[in-house]
Amino acid sequence: MFTPADPETFNPLVWQIVHQIPFGKVTSYGQIASMIPPPPNFDPLRYAHVRARWVGTALRLSSGVDLPWHRVINSRGMISHLPQFGGMEEQRRRLEAEGVVFDEDDRVDFRQVGWEGPAPEWLAERGLLPPKKLK
DNA sequence: CGTTTGACTACGC
DNA sequence: CGCGTAGCCAAAC
């Protein structure tokens with residue numbers, strides 16, 4: 001499906017998945033990555049170490065693509081953004097506008113607003129895998 | 001070209 | 001729990 005250094009295939013897959021996240025739900029970089037199988041001839045172990053970061057990169061390069069990018073946060077339930085870029089507050093604002101609640105530690109409760117992933121048929125049609133669960 | 005920098009995670013203290 | 005860090009590599013300098 002794609003080669004190790006083929007973001008031209010990987011990134012659009014990420015975008016397609018992000019596009020499926022429903023209003024008021026969130027998921028993590030790692031969970032999205034877990035739906036995308038490792039590239040052929042790519043060590044699965046190594047892939048496991050980099051895939052979440054690849055998702056972050058894909059999102060960073062997604063300007064111009066119409067996406068609910070704000071619904072993607074890190075595995076600890078927090079917004080991952082550098083303070084320098086104002087995007088952090090923007091992301092929180094968008095999520096709260098969708099009813100997502102942050103606790104006193106600036107974290108969301110995946111049990112409440114965590115996305116369980118696309119329908120199995122949707123994944124199967126694209127050769128994708130069922131996501132790992134969120135904590 | 002060589003170096004630095006990330007929209008990440010899992011794991012060990 | 002919180003905090004630091006190794007692991008890893010595509011983009012951006």
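Just so it is clear, the values below take in all heavy atoms, side chains as well, and ignore hydrogens, waters and symmetry mates. Letters go in sequence order (proteins before strands), and every chain restarts at 1.
The closest side-chain heavy-atom distance from A:Ile32 to A:Thr27 is below 4.5 Å. At a threshold of 4.5 Å between non-hydrogen side-chain atoms, the residues A:Ile17 and A:Trp122 count as touching. Side-chain atoms of A:Trp54 and A:Tyr29, non-hydrogen and from C-beta on, never get closer than 4.5 Å to each other.
Using a 4.0 Å cut-off between charged side-chain N and carboxylate O, A:Glu116 and A:Lys25 make no salt bridge. Using a 4.0 Å cut-off between charged nitrogen and carboxylate oxygen, A:Arg92 and A:Glu96 count as a salt-bridge pair. Between A:Arg94 and A:Glu90 there is a salt bridge, with a side-chain nitrogen of the basic residue lying less than 4.0 Å from a carboxylate oxygen of the acidic one.
Rounded to whole Å, atom C1' of C:dA12 lies 8 Å from atom CZ of A:Arg60. Computed from coordinates, the A:Met78 CE to B:dC8 P distance equals 13 Å when rounded to whole Å. Rounded to an integer number of Å, the gap from A:Asp106 CG to B:dA7 P is 19 Å. When the P atom of B:dG6 is taken as reference, atom CE of A:Met88 falls 15 Å away, rounded to whole Å. Taking atom CZ of residue A:Arg76 and atom P of nucleotide C:dG2, one finds them 8 Å apart after rounding to whole Å.
For A:Thr57 and B:dA7, the shortest distance from a side-chain N or O to OP1 or OP2 is not below 4.0 Å. In this model, the phosphate group of B:dT9 is not approached by any side-chain N or O of A:Lys132 to a distance below 4.0 Å at OP1 or OP2.
Among the heavy atoms of the strands lying under 4.0 Å from A:Leu61 are primed sugar atoms or P, OP1, OP2 only; no base atom is included. Here A:Ser75 lies in heavy-atom contact (under 4.0 Å) with sugar-phosphate atoms only.
Nucleotides C:dC13 and B:dC1, compared at atom C1', are 12 Å apart to the nearest Å.
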Whether each nucleotide of nucleotides 4-9 of chain C has a protein heavy atom under 4.0 Å at its base (B), only at its sugar-phosphate (S) or at neither (-) is summarised, 5' to 3', as ---BSS
